[in-house]
Protein chains: 2
Amino acid sequence: MSARRATITDVARQAGVSPSTASVVFSGKTPVSDATRLRVLEAAAELGYTGPDPRAASLRRGRSGIVGVVFEEHLGTVFLDPVKTRMMDGLADGVASLGAGLLLLRDDVSQGAGPHGAQPTLTTAPLDAAVLVGCSGMLRESLAVVRSRGIPVVVIEGDAGDGVPRIELDNREAQRQAASHLRSLGHDRVAIVTLPLRTGRGRGRLEDGESITIDVTRERLAGARDVYPDAAVFASAGSFIDEGLAAGRALFSVDGPRPTAVLAQSDLLAAGVIRAAEEAGLRVPEDVSVTGFDGIVVDGLAPYELTTLVQPAADKGRAAGMAVAAMLAGEDAASIRFTCVFREGNTTAVAP
Amino acid sequence: MSARRATITDVARQAGVSPSTASVVFSGKTPVSDATRLRVLEAAAELGYTGPDPRAASLRRGRSGIVGVVFEEHLGTVFLDPVKTRMMDGLADGVASLGAGLLLLRDDVSQGAGPHGAQPTLTTAPLDAAVLVGCSGMLRESLAVVRSRGIPVVVIEGDAGDGVPRIELDNREAQRQAASHLRSLGHDRVAIVTLPLRTGRGRGRLEDGESITIDVTRERLAGARDVYPDAAVFASAGSFIDEGLAAGRALFSVDGPRPTAVLAQSDLLAAGVIRAAEEAGLRVPEDVSVTGFDGIVVDGLAPYELTTLVQPAADKGRAAGMAVAAMLAGEDAASIRFTCVFREGNTTAVAP
DNA sequence: TTGTAGGCGTTATCAC
DNA sequence: GTGATAACGCCTACAA
């Protein structure tokens, strides 16, 4: 119809009231007489005005109603990871009270000042707050960006430092529990399959003194080493069944003495390891015991039921959401540490 | 530090240049001498200025860099549905060229003018474009809201009408294929388990002349009825294994002649039906054949491999993303219709 | 290459 | 209950 969209000023003029009055009709912040309200609403209808422009409103108010969720990986991958999926679920719940939406973002700090890099990232998205989902090597940089923007941040699974609330897991203690379980079953030759060590590092044996920048990996490894300081360590390139399979093949194909048990840092990795064991003609748990981590339901793993640590993934997300809401309300939010529950399945048994 | 955050004007003053020059340094739209650039950047660093405020920038530019994805259900539920998950994956890809982020939204048109309903919905979020994920009974209303806001929309799986591009599936033809397959195996007594008929309608037999407002359901049902016009129809309340189980129980517990085959409108429903069959002491596929729809990997269904229609879920998402990008670029996007591929598994066999 | 001016559409504040 | 005024912070013609 018209060349440009109607604004609240147009509506006000049409209704014969002032812009502020028209504004109030839509925001409901101040009482308005029924008569005027009606006039304004009619005018709006005539002009096809559907309400304040969110961009202008958010500039004026200083709030956009958007909470950013930052992941390290390609967004699609996020949806493949059951733990993240559950966490998002909880997070959506947690910010609901805020009435905010979740904006999915990638961890690409690089952009921003570039000549034409139009990526809307952490730097350029209109966020009220951000939730960083850890395990990220880039965590530090992302955090710096967000903090310098001065918006509230919560970190899930990562070392945030300073006054940034974090939502954590008792990774080390939990993993130690699984290791102790194996120890009590008499296992001596134990191998460990870890999550990625660093961004971009491929799979392979952990070298002596190699640095581990991903917190979850380091913590869980520490827990395993509390019990088995000398265990062989094979690093994966991600939490996938295929990665576990590759790791398992490497572990079971060596000439020397085979491990009698494998501590995997995720359920998906564990599933892959089990598959590798079967390939190698080993029975689980009779010949090899395998433990996982996460407590998710792994697809196609039946009839195995992993011995694993069950983590409260959804609760973590919800807690993060609530923390963000609190910070936006001016209160300050405390860090929370969640606890895993050990669950014994049928993939561990007495050492052969 | 300071009472309020630094603005680009502050930076300009500090650097001894005009605001527009400072702006240009950050946007890179116009060449700036190295000397000035440096001065501006230094000033910015001193003041802790990290770049233009996205809210202000988006008001000025008229673009927010945000594409809304609208689902009908509680957001958490989205992540539980493998088909949606795959679709999001593709969608993230599709809008990547645009450099836009995805904002997850619920289909709550109701809010908006309410006295205190602060939900940031379709009405109030700063969107450049929207993708409506169909199957939604509220589709019409959501669509109206978005269109009246004048932003580009794409609908996945739903009747958009007018000039709204849609991303569709050949639901009817595909489902007809599965039905024909059963027919060729000699099945006569076939039952159909559908996806929900309408928002809020519980599970139960389809009444005569009952209306079906959800497009996918209606189309797939039509395809089944092309082959089996008189089949009994049981409607589920959602695409879940448990719903399929409930439906299966209803179908297998009747006194009359049992169906020898069940056409389920989703793989998850099919999995539930299979479970119900086992409960009832029926063997699949010897006593009952079961077909699904979607072609996802169903958790814990091994050793069954569903006979099903494989839909290109990720491609659908990607296509939607690309359509949105095109529309924002001023081109107009065409509707696309994707085709399912029939895949025979081990859950169908010759009628007993 | 840099500066000036005006407006993007809204809403908070305060006076009436 | 209603209206005038002044930002919110930035960007882009256009002029210099």
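FYI, side chains are in, hydrogens and waters are out, and symmetry mates aren't considered; it's all heavy atoms of this structure. Proteins come first, then strands; the chains are lettered A, B, ... in the order of their sequence lines, and each starts at number 1.
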Pick out the pairs of N or O atoms, protein on one side and nucleotides 12-15 of chain C on the other, that lie under 3.5 Å.
unit_1, atom_1, unit_2, atom_2, d
C/dA12, O4', A/Arg60, NH2, 3.2

Q: Nearest whole angstrom, please: distance from the C1' of C/dT11 to the CZ of A/Arg63.
A: 15 Å

Q: Mind calculating the distance between CG (B/Leu38) and P (C/dT1) to the nearest angstrom?
A: 16 Å

**Q.** Lys/Arg N to Asp/Glu carboxylate O, A/Asp89 vs A/Arg86, below 4.0 Å
**A.** no

Q: Provide, to the nearest angstrom, the distance between the CZ atom belonging to A/Arg13 and the C1' atom belonging to D/dG3.
A: 15 Å

**Q.** A/Arg318/A/Asp315 salt bridge by N-O under 4.0 Å criterion
**A.** yes

Q.
Heavy atoms only, 4.0 Å cut-off, all strands: where does A/Val24 land among base, sugar-phosphate and nothing?
A. nothing

Q. When the distance from CG of B/Leu59 to C1' of C/dC8 is rounded to whole Å, what number comes out?
A. 4 Å

Q | Atom-pair distance (CZ on B/Phe26; C1' on D/dT12), nearest Å | A | 17 Å

Q. Is any NZ, NE, NH1 or NH2 atom of the basic residue among A/Asp128 and B/Arg55 found under 4.0 Å from an Asp or Glu carboxylate oxygen of the other?
A. yes

Q.
Rounding to an integer number of Å, can you tell me how far A/Arg55 CZ sits from C/dT10 P?
A. 11 Å

Q.
Do B/Thr21 and B/Ser18 pair up side chain to side chain, a donor and an acceptor below 3.5 Å, judged on atom types alone?
A. yes

Q: Give the rounded distance in Å between these two atoms: CG of A/Asp10 and C1' of C/dT10.
A: 13 Å

Q | Option among B/Val67, B/Leu127, B/Val324 that satisfies the side-chain contact (heavy atoms from CB on, under 4.5 Å) test with B/Ile151 | A | B/Leu127

(Q) I want to verify a distance call: between D/dG3, D/dG1, D/dT12, whose nearest atom is closest to the B/Ser23 side chain? (A) D/dT12

Q: Between B/Ser33 and A/Ala56, just flag the one whose closest nucleotide in DNA chain C comes earlier from the 5' side.
A: B/Ser33

Q | Side-chain ion pair, B/Arg166 and B/Glu157, N-O less than 4.0 Å | A | no

Q. What distance do A/Lys316 atom NZ and A/Ile336 atom CD1 have between them, rounded to the nearest 0.5 Å?
A. 12.0 Å

Q. Taking the side chain of A/Ile8 as its heavy atoms from C-beta onward, which of D/dC11, C/dT1, C/dT10 lies nearest to it?
A. C/dT10

Q: Answer yes or no: does a side-chain N or O of A/Thr7 lie under 4.0 Å from OP1 or OP2 of C/dG9?
A: no

Q) Choosing from C/dT11, C/dG3, D/dT2, which nucleotide comes nearest the side chain of A/Thr36? A) D/dT2

